[in-house]
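Okay, structure first, notes after.
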Number of protein chains: 2
Amino acid sequence: MNEGPNIAQIASLIGDPARANMLAALTGGRALTATELAAIGGITLQTASSHLSKLEAGGLLAQRKQGRHRYFALADEAAARLIETMMGFASSRGHLRYRPGPKDPALRKARVCYDHLAGDFGVRMLDSFVCHGEIVSDGENLSVTDKGRAQLDAFGIDLSSLASNRRPLCKSCLDWSERRSHLAGTLGKALLGHMFDQGWARRSEESRAVIFTPEGERKFLLQFPIDP
Amino acid sequence: MNEGPNIAQIASLIGDPARANMLAALTGGRALTATELAAIGGITLQTASSHLSKLEAGGLLAQRKQGRHRYFALADEAAARLIETMMGFASSRGHLRYRPGPKDPALRKARVCYDHLAGDFGVRMLDSFVCHGEIVSDGENLSVTDKGRAQLDAFGIDLSSLASNRRPLCKSCLDWSERRSHLAGTLGKALLGHMFDQGWARRSEESRAVIFTPEGERKFLLQFPIDP
DNA sequence: ACGATGCTTCGATAGCGATCGAAGTATGGA
DNA sequence: TCCATACTTCGATCGCTATCGAAGCATCGT
């Protein structure tokens, strides 16, 4: 017994409702201040501060001081994937906590996951890349083919500028609403950023939803078709 | 706030050290009795019983009565994947709890994950399938090609008999020691079972390790080669 | 320099849950 | 039938931690 990594430690960090709410909110990719996170968790600032320092010590969060504000964000993409994985499992077991509202369908359609596109549109985009042979997958890691490189170049994304030693270019990330994978990594981030730049879509102010313009949606479906 | 699945509930289930130890032990795929699990968790039978009923209510465990024994096992493969994912994250953050010993290298080399092969050998096997075009991956799910079907047939595994409506044939599962994917699903199970049947390897009695015979290891490396 | 804002630290409280002893239920064997 | 084994349920205890008030520290604006 007692072999291997200590999962109880991080699980208990996520296991507190206030902390879980904060983490879920940070899955939206935006860095939030301690005051904002306290409101999200439904607790006072003092309590939130205690929680946040524990989460940081546990390697789930990273903080950045900026003036008198302190911004908190998920430590990295692996942390975001862990949270999304747990969401997927929880929803598959019926551990739901829905407060059904108009935002829900929008979230399922398209939302931000850390810094890339998730939801129905995110899954479709990766499907399109794969079924056209622009991205291939060897197990967990994805890689871009020459055909994909040319396609992305035409779309306006320069792969060579995305190279990073700290973070993989492509990574698959399990989608909790679709239960399939979407594209993460620096390429996933760049693609979402490009869509924002092109005016195809914008972020919702109060949730993780990504709202496409009618024109943007048309162009998205044209750019990432799915053939049988 | 408060949207989406309730991750705090399952996270707090895993967050208790005694429960985490039990779950980690069950990742070995064997069903264990309440008494055995109590010993693993380092608690009395009464406490263990309370824990086990909570884990079952949370959808993580399934129990099977057999005479006066009650066998507990992970509910399904998704539960096993969740635990392995958490192990991967925990070890990447240095949340280790090693009791270094001779078993450790054996576990990294080859071990059981639920009912399929994990560790260095598990990752190698999937790599071999993929780099020979016998299995292709479209995002999360893997699928066997015609070439792969023939290869497996020659190896002695009949794919058509593995079809199941309850569980996918192929699934990728993240390996906590290698941080790469290995092959899960009914095919992963069948492959490991076949190796046991052929006498290539056997299970360790006291841990999750899979111990290959020298002859079995030679045949394994020959059967699942990796070319550049 | 001074107050205001954002956040952390300290200290005390309160409540939840892990734990175990004791008693109760079910199954198997003699 | 009677005892032993395997497990669950009940009840009480105890420790841990989430929580918040109050005070302290840092930064910004003026």
Side-chain angles (χ1 to χ4, degrees), chain A residues 1-2 6-26 30-58 60-75 95 97, chain B residues 1-2 6-26 30-73 75 95 97:
Chain A
M1 76 191 85
N2 286 359
N6 189 350
I7 62 173
Q9 195 171 340
I10 50 160
S12 71
L13 282 175
I14 308 175
D16 178 81
R19 286 195 290 255
N21 281 335
M22 297 183 188
L23 289 169
L26 289 171
R30 284 196 176 115
L32 299 173
T33 65
T35 310
E36 291 168 326
L37 288 167
I40 288 168
I43 50 182
T44 63
L45 184 56
Q46 302 95 298
T47 310
S49 177
S50 160
H51 283 318
L52 291 169
S53 64
K54 283 171 191 171
L55 288 172
E56 192 188 3
L60 281 159
L61 292 189
Q63 67 165 294
R64 206 181 55 199
K65 286 184 69 169
Q66 203 165 87
R68 55 181 159 182
H69 292 278
R70 222 162 257 222
Y71 284 95
F72 290 87
L74 292 179
H95 290 297
R97 194 184 36 163
Chain B
M1 77 189 88
N2 285 359
N6 188 353
I7 62 173
Q9 195 172 337
I10 49 161
S12 69
L13 282 175
I14 308 176
D16 178 80
R19 286 195 290 256
N21 281 335
M22 296 183 186
L23 289 169
L26 289 171
R30 284 195 175 115
L32 299 173
T33 66
T35 310
E36 290 168 326
L37 288 166
I40 287 168
I43 49 181
T44 62
L45 184 56
Q46 302 96 297
T47 310
S49 178
S50 159
H51 284 318
L52 291 169
S53 65
K54 283 172 190 169
L55 288 172
E56 192 187 4
L60 282 159
L61 293 189
Q63 68 165 293
R64 207 181 54 198
K65 286 184 67 168
Q66 204 166 84
R68 54 180 160 180
H69 292 279
R70 224 163 253 221
Y71 284 94
F72 290 87
H95 290 298
R97 193 185 37 163

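Just so it is clear: chains get the letters A, B, ... in the order the sequence lines come, proteins before strands, and each one is counted from 1. Small disclaimer: the values here were computed from a predicted structure and weren't measured.
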Report summary line: Scanning both residues in full, the closest heavy-atom pair of A/A8 with B/P17 reads CB-CA, 3.8 Å
Report task. Would you indicate which nucleotide in C/dA26, C/dT19, D/dT27 comes nearest to any side-chain atom of B/K65? Result -> C/dA26
Query raised in the report: If you take all heavy atoms of A/T47 and A/T44, which pair is closest and at what distance?
Result: OG1-OG1, 3.1 Å
Query raised in the report: Expressed in angstrom and rounded to an integer, what is the separation of A/L32 atom CG from C/dG6 atom P?
Result: 15 Å
Query raised in the report: Below 4.0 angstrom from OP1 or OP2 of C/dG17, is there any side-chain N or O of B/K54?
Result: no
Query raised in the report: Do the side-chain N or O atoms of B/R70 get closer than 4.0 angstrom to the phosphate oxygens (OP1, OP2) of C/dA26?
Result: no
Requested in this report: Give the minimum heavy-atom separation between B/L61 and B/E56, together with the two atoms involved.
Outcome: O-CG, 3.6 Å
Query raised in the report: Roughly, in whole Å, what's the span from CG in B/L52 to P in C/dG17?
Result: 18 Å
Query raised in the report: Whole Å only: how far is the CG atom of A/L45 from the P atom of C/dT8?
Result: 7 Å
Query raised in the report: If you take all heavy atoms of B/A48 and B/A34, which pair is closest and at what distance?
Result: CB-O, 4.4 Å
Requested in this report: Could you check whether B/S53 gets within reach of a base, just the sugar-phosphate, or nothing at all, counting any heavy atom under 4.0 Å?
Outcome: nothing
Query raised in the report: Between A/L37 and A/L26, is any pair of side-chain heavy atoms under 4.5 Å apart?
Result: yes
**Report entry** Presence of A/H69 side-chain N/O under 4.0 Å of C/dT5 phosphate oxygens OP1/OP2
**Finding:** no
Query - Worked check of side-chain contact (heavy atoms from CB on, under 4.5 Å) between A/Q63 and A/L52 - result: CA-CA 9 Å; A/Q63 67 165 294; A/L52 291 169; over 6 Å; no
**Report entry** Gap between atoms CG and P, on A/L55 and D/dA18 respectively (whole Å)
**Finding:** 10 Å
Protein and nucleotides 28-30 of chain C: nitrogen or oxygen contacts under 3.5 angstrom:
none

Query raised in the report: Does C/dG17 have OP1 or OP2 sitting under 4.0 Å from an N or O in the side chain of B/H51?
Result: no
Query raised in the report: How many Å lie between CD on B/Q46 and C1' on D/dT13, as a whole number?
Result: 14 Å
Report task. Identify which nucleotide among C/dC20, C/dA18, D/dC20 has an atom closest to any side-chain atom of B/T44, counting heavy atoms from C-beta outward. Result -> C/dC20
Report summary line: note: B/M22, atom CE; C/dA18, atom C1'; distance rounded to Å ~ 11 Å
**Report entry** Five-pair end axes of the helix from C/dA1-D/dT30 to C/dA30-D/dT1, angle between them (10°)
**Finding:** 20°
**Report entry** Length of the CD1-P vector between A/I14 and D/dA18, whole Å
**Finding:** 14 Å
Query raised in the report: Which nucleotide, D/dT8, C/dC20, C/dC7, lies nearest any side-chain atom of B/T47?
Result: C/dC20
Report summary line: Picking from D/dC7, D/dT8, C/dT8, the nucleotide nearest the side-chain atoms of B/T35 would be D/dC7
Report task. Measure the distance from CZ on A/R64 to C1' on C/dC7 and round it to the nearest whole Å. Result -> 17 Å
Report summary line: Taking for A/D16 and for B/S50 the nucleotide of DNA chain D with the nearest heavy atom, the one nearer the 5' end belongs to B/S50
